[in-house]
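Below you'll find the structure, written out as structure tokens, and then a few comments.
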Protein chains: 2
Amino acid sequence: MAQLDQTHDPKLESWLLSANGHSDFPIQNLPLGIFSPRGGIPRGGVAIGDRILDLLEALAAGHFTGEAAKAAEAACSTTLNPFLALGAGPRQALRARLSELLAQGSAEQSRVETCLHLASECVLHLPACIGDYTDFYVGIHHATNVGKQFRPDNPLLPNYKHVPIGYHGRASSICPSGVPVRRPRGQAKLPDALRPGFGPSRRLDYELELGVWIGPGNTLGEPIDIAEAPGHVGGYCLLNDWSARDIQAWEYQPLGPFLAKNFATTISAWIVTPEALAPFRIPQRSRPEGDPAALSYLMDHADQREGGLDLELEVLLLTPGLRNKGLPPHRLALSNARHMYWTVGQMITHHSSNGCNLQPGDLLGTGTISGPDQTSCGSILEATVGGKNAIVLASGEERRFLEDGDEVILRARGRRDGFVPIGFGECRATILPAA
Amino acid sequence: MAQLDQTHDPKLESWLLSANGHSDFPIQNLPLGIFSPRGGIPRGGVAIGDRILDLLEALAAGHFTGEAAKAAEAACSTTLNPFLALGAGPRQALRARLSELLAQGSAEQSRVETCLHLASECVLHLPACIGDYTDFYVGIHHATNVGKQFRPDNPLLPNYKHVPIGYHGRASSICPSGVPVRRPRGQAKLPDALRPGFGPSRRLDYELELGVWIGPGNTLGEPIDIAEAPGHVGGYCLLNDWSARDIQAWEYQPLGPFLAKNFATTISAWIVTPEALAPFRIPQRSRPEGDPAALSYLMDHADQREGGLDLELEVLLLTPGLRNKGLPPHRLALSNARHMYWTVGQMITHHSSNGCNLQPGDLLGTGTISGPDQTSCGSILEATVGGKNAIVLASGEERRFLEDGDEVILRARGRRDGFVPIGFGECRATILPAA
């Protein structure tokens, strides 16, 4: 796991004033992404306050040497796959150097200032070319809530507490925050209908998830040991696994979700590094006393001690009605990454335990991370109990599922006494009417 | 659909004698792939008899002009994705020109001969970088046979005859024919066990499938109409969807197969074009009288008239015992692509019907294509009825599932009166012991 060092010092401030105070991107964060400055080609950058540090320009200006230069070189082209492939060493060296360059009192301030772009004038892209995308199901409250709607007496299937359940998702339709999502059409069958129909989904939903970027990865046939798994995490993002519940209910047996999910997945564009999240590691606490022990290939002392994450996860809804009345977004849920039943390390080790090869730039989703009560539901299916209970908004509007023009906004925030809070930036998208 | 033209003339022969007679690759076939000649870098090539025509060299020698040159240029680098993106026009122009160049009596014979490599001295690679891999389940006899093992009275789920069922597979672990497959380890739970265990799979299986290479594809949010679907097929291959049945039975609910499948998928390395298969198109016959009509978005007159494929599909098993005694491979099954319940066009249209974007070089699997009886089972799970009935081999060996050292060989062949038969080359791999 990443260690605490001087880059986490809560007294550290940047000469860039917007990075201090309440930004998602203080000097303690330093996430990487791919952006285009006005009229420029895509390249790697680092979010700091309301700016983006241009790695292409900073590299050309000679700000990096040694391992940090190796990382910056790998991060300055059009995707971060080469950077993710390098792993922790160069990434940590780059972080240490970026922290020096951007810190209050840096002798290089004036030379670094010329490498900054105003973030609001840049376009953010997917940070990597995603080879494979796998979605897990480790949010135990979500699995329980959804299971209850189908099997009230026995919501969790027998394998849930033994197997980090996952399935393959669609890589091609993953979009960065801000790209609108078109309501899918598809087959669905109403409970009392004789035959299915085809049309726009009537039960469109979001899912609040963390995304995990794979770093170096493994060769086909060579599993990743649980003790080595953290070394294969390249970083984190927010992930909205948009879901059409009516399509899902009709299609998912026996092979799982397909068209109910693969019309769009939205992710936040910044890769938040394992180093930035080091202060927010917690013991893996979500497996209650009395649950079966995990099989030994999934167990590691360090992973149990610090494989959990204490991250606030929030879902906000901005409807046309709220927007027209100048009202703020409605908070649909406040949850926390600590509600994951399996750690990210366990997800990686399980995924590769049969020899399956993970590659730099692959993306894992955690599955929906709901909390234990109705204020922390990571999907509207849970919040409205399958559409039974409407959510009433300050605009007077009601929602049982998402409607056209609705915008869903996911946010994440690490917060811990004695540390500077960091955020992930937003993961947001607006729903367009069906074609 | 591709039309018949002079390239299909059964009287057409090549000046390359090995292409005439019983080759998988007569002049009527002309499949494309990526190969490395001895000591050379990967590049595009065309299979002809026992040789490979080097497109890089043939292009440099000036053998192509116009649309054919455009196709050859797109096909001469390290992947065929750019070639697949071009679609039917340039592909057909290239086929027509290759047919001229390789035909008996060609004035260019001596200049083309210098562009040929002996196939046995070349290495074949994956023909494309596979962005996403989707596996369907359109073999209705397979779905019925497998369903019977779980639900004897009601083997097919209610959605089967309405929805071309599919799920996402793993792209990273797809290998070309010849690459050995390591037996996966994984979690399984014996029926009478209290808890699952972790170890090498004891119920390793093959699955006989056709693969479909996607050509141009669609933009996110813009479905492919059923009338346009054939234009998005770039070609076909054989596909062995290796499956660990014990892992699958324990993990697959509720989200479908994952580690039971993603340890390896083997494909034949040549892309057999839609043009080469034109003589083997048949009406879509597998939907019996009395079955529900497909929803209108899946129905097209031309697709119903010629969306089926008459291709013999064969599975052979070569065990250590057979090999040691010099005995030939044992035929496990002879099936036919006509047993697909849905056409390839229906698979493509359904896949994109929610706006999901298909991209050049994406791969679709049909799902296991079994025939109606025990001699045409596309998986050993079906052939041995879940391991109950052993297969007895000429070597005296018995098989209920696959054992280490076993080699599974898939073959496909188009055969029709008045046409020259064509083959796909082999899709074969040997099982290595678990790590």
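Residue numbers begin at 1 in each chain, while the letters A, B, ... track the order of the sequences. Note: hydrogens, waters and symmetry copies are ignored here, and every other heavy atom, side chains too, is used.
- Proximity to chain A involves both the backbone and the side chain of B:Phe263, based on heavy atoms less than 4.5 angstrom apart.
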| query | After noting the C-alpha distance and the side-chain angles of A:Thr265 and A:Trp242, does the key distance pass the side chain to side chain donor-acceptor pair (under 3.5 Å) rule? | reply | CA-CA 6 Å; A:Thr265 302; A:Trp242 301 94; over 6 Å; no

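- Contact annotation for B:Leu259: both backbone and side-chain heavy atoms come within less than 4.5 Å of a heavy atom of chain A.
- Among A:Gly131, A:Pro184, A:Cys356, the residue making the largest number of heavy-atom pairs under 4.5 Å with chain B is A:Cys356.
- For A:Leu432, no part lies under 4.5 angstrom from a heavy atom of chain B.
- Ring to ring, B:Tyr133 and B:His168 are not that close: their centroids are 6.0 angstrom or more apart.
- Aromatic rings of A:Tyr167 and B:Phe258 (six-membered ring for Trp) have centroids beyond the 6.0 Å cut-off, not under it.
- Annotation: maximal heavy-atom pairing with chain B below 4.5 Å, among A:Ser296, A:Pro257, A:Cys129, occurs at A:Pro257.
- One finds a salt bridge joining A:Asp362 and B:Arg170 here, because a Lys/Arg side-chain nitrogen approaches an Asp/Glu carboxylate oxygen to under 4.0 Å.
- Contact annotation: the side chain of B:Arg185 never approaches that of B:Ser201 to less than 4.5 Å [non-hydrogen atoms, C-beta and beyond].
- Proximity to chain A is limited to the side chain of B:Arg195, based on heavy atoms less than 4.5 angstrom apart.
- For a residue to count as touching a neighbouring chain, one of its non-hydrogen atoms must lie under 4.5 Å from one of that chain's; by this rule A:Leu156 does not touch chain B.
- For the set B:Gly221, B:Gly166, B:Gly186, the count of heavy-atom pairs under 4.5 angstrom toward chain A peaks at B:Gly166.
- Of the atoms belonging to B:Leu255, heavy atoms from both backbone and side chain fall under 4.5 Å from chain A.
- Within a 6.0 Å radius of CZ in B:Arg202, other residues, nucleotides and ligands contribute 12 heavy atoms or fewer.
- Interface remark: B:Leu358 contributes backbone and side-chain atoms alike to the contact with chain A (heavy atom separation under 4.5 Å).
- Looking at B:Thr134, only its side chain comes within 4.5 Å of chain A, counting heavy atoms on both sides.
- Between B:Tyr137 and B:Tyr160, the two ring planes are perpendicular [angle over 60°; tilted spans 30° to 60°].
- Heavy atoms closer than 4.5 Å to chain A are found nowhere in B:Asp135, neither backbone nor side chain.
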